[in-house]
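Following: one structure in structure tokens, then a few remarks.
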Amino acid sequence: MKIKRLAHIGVAVKSIDEVAKVYTDVLPLQLASTEPVGELRTGFIPVGETSVELVMSTEPDGTMAKFIDKKGEGIHHIAFEVDDIDEAVEELKAKGVPLTAEKPWQGAHGARVMFLHPKATHGVLIELCQYPEGH
Ligand code: ZN
């Protein structure tokens, strides 16, 4: 497995519009794009080679809404960009690392993503993502 960079830090929020103000009004950053992903909406705030990804639920009882009910808003996951997600997933399975799904699925920005189960990572939800060529 080759990890290229820390792609983003995912932050669970109730409202992208509200929370983005912290980054755009308090800090000198920009909300570059927002995008629906299944029952979620994501907003990307680029910072050099990486981004802050704001993630909100569009369903009142969605996964992210439940996370916020339990733990409040805040850091949810960190994402590493890999060059080959299928190879990475095979490698992790061979090592017996628990994953949150059987196969990679489609995330924001056309990326294919997989999460390592936080019970295998001492409490940090780690996302691996592979972006399409030329992204
Ligand atoms: Zn993410």
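This is a predicted model, so every value here is computed, not measured. Whatever order the structure lists ligands and atoms in, that order sets their numbers, starting from 1. Position 1 is the first residue of the sequence; numbering continues from there.
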Pairs flagged by salt bridge (charged side-chain N to carboxylate O under 4.0 Å, His left out) wherever residues 91-113 is involved - sequence neighbours left out: Asp86-Arg112, Glu91-Lys95, Lys93-Glu102
Pairs meeting criterion salt bridge (charged side-chain N to carboxylate O under 4.0 Å, His left out) with involvement of residues 60-83, two or more places apart: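 Qualifying pairs: Lys4-Glu81, Arg5-Glu81.
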Derivation and outcome, side-chain hydrogen bond (donor to acceptor under 3.5 Å, both in side chains), residues Glu127 and His8: CA-CA 9 Å; Glu127 172 185 344; His8 61 262; 3.1 Å; yes
Pairing residues for Lys14 by the salt bridge (charged side-chain N to carboxylate O under 4.0 Å, His left out) criterion, not counting sequence neighbours: none
Derivation and outcome, side-chain hydrogen bond (donor to acceptor under 3.5 Å, both in side chains), residues Thr24 and Gln30: CA-CA 5 Å; Thr24 61; Gln30 298 291 324; over 6 Å; no
Total protein N, O or S atoms, the Zn ion (ligand 1), separation less than 2.8 Å: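 If we list every protein N, O or S atom nearer than 2.8 Å to the Zn ion (ligand 1), we get 4.
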Taking every non-hydrogen atom, the tightest pair across Glu59 and Glu39: CG-CB, 3.7 Å
